[in-house]
Amino acid sequence: MAVTIEELYRNYGILADAKPEDLSQHKYAYQVILDGVKGGPKEKRLAAQFIPKFFSSFPELADAAINAQLDLCEDEDVSIRRQAIKELPRFAAGENIVRVADILTQLLQTDDSAEFSQVNTALVSIFKMDAKATLRGLFSQILQGEDIVRERAIKFLSIKLKTLPEDTMTKEVEDYVFTETKKVLEDVTGEEFVLLMRILMALKGLQTVNGRQQLVELVVEQAFLEQALNPADPDTVDRLLQCTRQALPLFSKNVHSSRFVSYFCDHVLPNLSTLTSPVAELDIQQEVLKLLAEMSLFCGDMEKVEANLLMLFEKLLEFMPLPPEAEGENGENTMSEEPKLQFSYVECLLFSFHQLGKKLPDFLIDKINAERLKDFKIRLQYFARGLQVYIRQLRVALQGKTGDALKTDENKIKVVALKITNNINILIKDLFHNPPSYKSTVTLSWRPVQKAEAVAQKRPSGEEMGTGSTMKKLLSPPLPRRNARQIYNPPSGKYSATIGNFTNGEGEGLLYPILGIP
């Protein structure tokens, strides 16, 4: 026979009136309250409130009490579920915290927004009781739970961990997060990888030079830099792009990008024209060249600097044409066909060449024969002449414009175009020195000036002296596929949101048709 409202109140009164030391003598009264979960909606709502109130007084009924509350968390009535979820943190004591965290993590799969918010609040509250135990419950579901639970648990951590106070996120807790996240990284989708890296980058213990180096090592393993690139496979290309984007903010004068730069020179640049874009609207060549340019700023010692410079040199020749009169040897009318000047691409390639050239300043003199060097300078000179025309046009077009006038789409493109052409002009002047010079400093056109200046002196000296946790090498280089989960599959522009970190969002990849720039 189902328990009534009256019986619930009567037995609640027995327990409420009993002295704390005598509560254990009223086991039957508590059992009646547990049976309330089998009643109607009103009885269930009362049971959801009464069960946790006396939970700690009846350890022998702990499992029965948690199971009863769990039944209420899965009730068809959303108001009963919300009430039961709200009270769940009161069961989180001792060994029960892991179990409660596990239950709450599973409940993240709800589609009811108010209920989802309630679950988030409950998880945060038990985090403050015992962060490590809560994480055990969360990571248990991330590693073994359903895909929807795994996805939402990772998102929860990526949002909430960074908001927790220092006395909650202790070094022990951060070390646990790092260890468990490495396990998860053995099998991830592209979106999961980005979120997990966001979690790790927010850990204070990994803000040191040593810590950032550990993160770079993790990204290197994900990027498969020991393997050749298959340019025709969009998943492979997307994996490399995702990993490079995650590694880029970690690079500094003490955490070098050399392995990524060498990989781009060895495997990406030779296949630049055949790369398959993972996202339809992405200019894959532009994206790759911009990433390479940004990384080249933090390139340390490398074994193959000459080979890398040679590859950049060859690519520059592809995008820096000879003047028309130098092409027509059979009397053909070539003067009417002006070569296309790919300013956006050339800026990236020249910047990368300029950065690596600092490591081998005699490259153009000692490693390139006189005939090829002469050809290169003819191309540079022709390109520079074209630059001067466009720079004058751009300055005239922008003259006197300030404030809102510069915010129109057309003028934004012109401003970026002026940055690009000025940058190329400065770098070409350096290369025309005898011997070539690599002393000029430019800010890449898509980078805000103030941020670029900060990059040049990235990380304060006090931070450079810190240390971080030691990272053990992951056991398995390849990522095993998890059930039917497709790794790094970018349908419908799934990963295009992350690309915003490396473009200015104003269409700088356009080749400025307004100004007649092809």
Side-chain angles (χ1 to χ4, degrees), residues 20 23 48-49 51-74 81-110 115-145 149-184 195-196 198-207 211 468-469:
L23 270 173
Q49 298 174 60
I51 291 172
K53 185 172 179 64
F54 302 103
F55 170 73
S56 60
S57 299
F58 300 95
E60 68 276 19
L61 293 175
D63 284 344
I66 292 175
N67 289 334
Q69 195 78 4
L70 182 55
D71 287 343
L72 297 175
C73 290
E74 298 173 341
R81 294 202 304 269
R82 290 178 195 166
Q83 182 64 50
I85 291 168
K86 180 182 178 182
E87 303 291 343
L88 265 181
R90 299 177 70 175
F91 293 86
E95 296 180 358
N96 290 325
I97 293 184
V98 177
R99 185 176 178 187
V100 172
D102 189 285
I103 292 169
L104 285 169
T105 304
Q106 293 180 60
L107 293 173
L108 286 170
Q109 64 188 292
T110 179
E115 186 177 350
F116 183 78
S117 178
Q118 192 76 63
V119 173
N120 273 262
T121 301
L123 272 170
V124 170
S125 69
I126 67 170
F127 245 111
K128 295 174 182 177
M129 299 177 194
D130 189 331
K132 189 173 179 181
T134 304
L135 286 166
R136 284 176 58 194
L138 276 156
F139 275 109
S140 172
Q141 285 298 318
I142 289 172
L143 289 165
Q144 302 172 17
V149 174
R150 171 190 173 97
E151 174 189 333
R152 293 188 179 180
I154 291 174
K155 285 183 179 177
F156 171 85
L157 289 175
S158 71
I159 295 169
K160 299 296 183 181
L161 276 190
K162 59 189 176 186
T163 68
L164 296 173
E166 287 187 31
D167 58 350
T168 299
M169 292 299 294
T170 62
K171 182 181 183 304
E172 181 185 4
V173 171
E174 287 199 348
D175 288 348
Y176 183 78
V177 171
F178 184 60
T179 300
E180 294 303 302
T181 300
K182 285 196 295 180
K183 295 177 185 176
V184 182
L195 291 174
L196 290 166
R198 190 177 299 167
I199 290 169
L200 294 179
M201 288 180 184
L203 299 179
K204 291 187 177 179
L206 294 178
Q207 301 303 309
S469 305

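Remember, predicted model here, so these are calculated numbers, not experimental data.
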Would Lys160 and Leu123 count as a side chain to side chain contact (heavy atoms under 4.5 Å, CB included) if you check the C-alpha gap in whole Å, the side-chain angles of each, and the deciding distance to 0.1 Å?
CA-CA 10 Å; Lys160 299 296 183 181; Leu123 272 170; over 6 Å; no

Would you check if the side chain of Ser158 reaches a backbone N or O of Leu195 as a donor-acceptor pair within less than 3.5 Å?
no

On a heavy-atom basis, the closest approach of Ile85 and Pro89 is O-CD, 3.6 Å

Can you tell me if Ser125 uses its side chain to pair, donor with acceptor, with the backbone of Ala122 under 3.5 Å?
yes

Is the shortest side-chain N to carboxylate O distance from Asp63 to Arg99 below 4.0 Å?
yes

Would you mind checking if Lys171 and Glu174 are paired as a salt bridge, meaning a charged N to carboxylate O distance below 4.0 Å?
no

Closest non-hydrogen atom pair, Val98 against Ala133:
CG2-O, 3.6 Å

To the nearest 0.5 Å, what is the distance between CD on Gln83 and CG on Leu88?
11.0 Å

Is a side-chain N or O of Thr179 found less than 3.5 angstrom from the main chain of Asp175, in a donor-acceptor match?
yes

In terms of ring plane angle, is the pair Phe139 and Tyr176 parallel, tilted or perpendicular, where the classes change at 30° and 60°?
perpendicular

Answer yes or no: does atom CZ of Arg90 have more than 12 heavy-atom neighbours from other residues, nucleotides or ligands under 6.0 Å?
yes

For the backbone of Ile126 and the side chain of Asp130, can you confirm whether one donor and one acceptor N or O come within less than 3.5 Å of each other?
no

Backbone of Phe178 reached by a side-chain donor or acceptor of Thr181 within 3.5 Å:
no

Interatomic distance, CG@Asp71 vs CD1@Ile66, rounded to 0.5 Å, equals 12.0 Å

Can you establish whether the number of heavy atoms outside Glu60 located under 6.0 Å from its atom CD is more than 12?
yes

Any side-chain heavy atom of Met169 within less than 4.5 Å of one from Leu203?
yes

Hey, is the main chain of Ala48 close enough, under 3.5 Å, to the side chain of Gln69 for a donor-acceptor pair?
yes

Rounded to the nearest 0.5 Å, what's the gap from CG on Leu104 to CZ on Phe127? Could you check?
11.0 Å

Heavy-atom pair of closest approach, residues Ile159 and Thr163
O-CG2, 3.5 Å

Whether the side chain of Gln207 engages the backbone of Met201 through a donor-acceptor N/O pair (distance < 3.5 Å, no angle test) should be reported.
yes

Distance from Gln106 atom CD to Leu70 atom CG, nearest 0.5 Å?
7.5 Å

Roughly how far apart are Phe91 CZ and Ile97 CD1, rounded to 0.5 Å?
13.5 Å

How far apart are the closest heavy atoms of Leu135 and Val177, and which atoms are they?
CD1-CG2, 3.5 Å

Side chain to side chain contact (heavy atoms under 4.5 Å, CB included), that's the test. Do Leu143 and Glu180 meet it? Break it down for me.
CA-CA 9 Å; Leu143 289 165; Glu180 294 303 302; 4.0 Å; yes

Go through Leu108 and Asn120 one step at a time and tell me if the side chain to side chain contact (heavy atoms under 4.5 Å, CB included) criterion holds.
CA-CA 8 Å; Leu108 286 170; Asn120 273 262; 3.8 Å; yes

Check step by step if side chain to side chain contact (heavy atoms under 4.5 Å, CB included) holds for Ile142 and Leu157.
CA-CA 11 Å; Ile142 289 172; Leu157 289 175; 3.7 Å; yes

Which heavy atom of Ala153 sits nearest a heavy atom of Thr105, and at what distance?
CB-CG2, 3.8 Å

Give, for atom CZ of Arg152 and atom CG of Leu138, the distance between the pair rounded to the nearest 0.5 Å.
14.5 Å

Flag the pair Phe55 / Asn96 as yes when at least one side-chain heavy-atom distance between them is below 4.5 Å, and no otherwise.
yes

